[in-house]
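Data first, discussion second: the structure below is written as structure tokens.
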Amino acid sequence: MEHDLDVVARADWVLDLGPGAGHDGGLIVFQGTPGDLLAADTLTAEHLRAHVRTPAAA
């Protein structure tokens, strides 16, 4: 599982498992492109939206 949002943003295809961790996870809550993930209602999507809005540190 990848949690580096730079990698997620540049992936060809994303499988987001959830809706939580451990016993609360394990279901595919999203699959598609990173662009499509931006419109999804998942915790990963929320973090990715914030990540792509934040300018990279110089």
Identify, with sequence neighbours excluded, every residue that meets salt bridge (charged side-chain N to carboxylate O under 4.0 Å, His left out) alongside Asp6. Arg10
Any heavy-atom pair between the side chains of Asp12 and Thr33 that's under 4.5 Å? no
Minimum heavy-atom separation for Pro34 to Val14, with atom names? CG-CG2, 4.0 Å
With a 4.5 Å limit on heavy-atom distance, are the side chains of Leu43 and Glu46 in contact? yes
Would you say that Asp16 contacts Val8 through its side chain, given a criterion of any heavy-atom pair below 4.5 Å between the two side chains? no
Just how far is it from atom NE2 of His51 to atom OG1 of Thr44, taken to the nearest 0.5 Å? 12.5 Å
Please name the pair of heavy atoms, one in Gln31 and one in Leu15, separated by the smallest distance, quoted to 0.1 Å. CB-CD2, 3.3 Å
Nearest atoms (heavy-atom pairs only) where Thr42 meets Phe30: CG2-CB, 4.2 Å
Check the pair Val29, Leu17 against side chain to side chain contact (heavy atoms under 4.5 Å, CB included), reporting the backbone distance first and the verdict last. CA-CA 6 Å; Val29 294; Leu17 301 175; over 6 Å; no
Value for CG (Leu5) from OG1 (Thr54), rounded to nearest 0.5 Å, stands at 10.0 Å
